[in-house]
Amino acid sequence: FDDTTGWRALETNWQGLAAFVAATGPTYYDHYSLTENLLEACEYSCITHVNRHVRAAGIAVLEQWINSCSTNETHSQLILDPGSSLRRIVVKVLKVSLADNWSQ
């Protein structure tokens, strides 16, 4: 194997999670929780990982988490509450990714 095969698997897994969250919508939060480990892994993938495709896939997951919680008043606090872990991660990822010029 080359040194990027694992990255492709990670990218695919993030894409799969993004699709799953998109498909389940707000009910995602009724069955699954955003654990600190999952959020930290997503944060790392979004802002620290060397591969731009992995970073983009991580951001796609964040996008779907935001979409899913913003369409439901009960779950909207996950993004509206300044102390929530999801909001903290989103703000951090936005700060770093907006300064990254990999999208060219």
Side-chain angles (χ1 to χ4, degrees):
F1 287 112
D2 55 57
D3 63 344
T4 62
T5 300
W7 296 352
R8 182 69 178 141
L10 178 58
E11 176 192 358
T12 302
N13 285 317
W14 284 131
Q15 290 171 338
L17 180 57
F20 181 74
V21 175
T24 57
T27 62
Y28 175 84
Y29 300 104
D30 296 334
H31 304 286
Y32 305 97
S33 61
L34 297 179
T35 65
E36 285 300 315
N37 285 342
L38 180 58
L39 288 168
E40 288 172 5
C42 189
E43 175 188 351
Y44 176 85
S45 291
C46 291
I47 62 176
T48 305
H49 201 280
V50 67
N51 185 282
R52 68 184 174 97
H53 300 289
V54 170
R55 293 194 307 267
I59 290 171
V61 172
L62 283 180
E63 176 186 16
Q64 293 310 315
W65 282 334
I66 293 166
N67 287 341
S68 292
C69 72
S70 66
T71 58
N72 181 292
E73 191 172 320
T74 303
H75 303 304
S76 64
Q77 291 306 309
L78 290 168
I79 198 67
L80 296 176
D81 178 13
S84 79
S85 296
L86 177 58
R87 182 179 173 133
R88 181 181 49 81
I89 298 294
V90 168
V91 169
K92 190 172 184 180
V93 168
L94 280 173
K95 285 180 182 178
V96 174
S97 61
L98 288 173
D100 189 355
N101 68 354
W102 62 264
S103 62
Q104 46 184 319

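Computed from a predicted structure; not experimentally measured.
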Spell out, yes or no, whether V90 and V96 are grouped together once hydrophobic residues are joined by side-chain heavy atoms under 4.5 Å, including indirect joins.
yes
Say whether L17 and Y32 are linked into one hydrophobic cluster, either directly or through other cluster members, by side-chain heavy-atom distances under 4.5 angstrom.
yes
Are any of the side-chain heavy atoms of W65 and I89 separated by less than 4.5 Å?
no
All heavy atoms of W7 vs all of N51, minimum pair found to be CE3-ND2, 3.2 Å
State which residue, out of D81, L62, V91, fulfils the side-chain contact (heavy atoms from CB on, under 4.5 Å) condition with L86.
L62
Could you tell me which non-hydrogen atom of Q15 sits nearest to which non-hydrogen atom of A57, and how far apart they are?
CG-CB, 4.0 Å
Taking the side chain as every heavy atom from C-beta outward, state whether L39 and E43 have any pair of such atoms under 4.5 Å apart.
no
Name the orientation class of the two ring planes belonging to Y28 and F20 (parallel below 30°, tilted from 30 to 60°, perpendicular beyond 60°).
perpendicular
Say whether, by atom type as modelled, one donor and one acceptor occur between the side chain of R87 and the main chain of L80 under 3.5 angstrom.
yes
Counting N and O atoms only, with roles assigned by atom type, does the side chain of T27 sit under 3.5 Å from a partner on the main chain of D30, one being a donor and the other an acceptor?
no
Please name the pair of heavy atoms, one in P26 and one in T71, separated by the smallest distance, quoted to 0.1 Å.
CG-OG1, 3.2 Å
Non-hydrogen atoms of T74 and N72 that approach each other most closely
N-OD1, 2.8 Å
Closest contact, heavy atoms only, V21 versus Q64
CG1-O, 3.5 Å
Using the test side-chain hydrogen bond (donor to acceptor under 3.5 Å, both in side chains), find all partners of S85 that sit at least two apart in sequence or belong to another chain.
E36
With side chains defined as the heavy atoms from C-beta onward, is the minimum distance between H31 and T24 less than 4.5 Å?
no
Beyond-backbone contact of C42 with W14, side-chain heavy atoms, under 4.5 angstrom:
yes
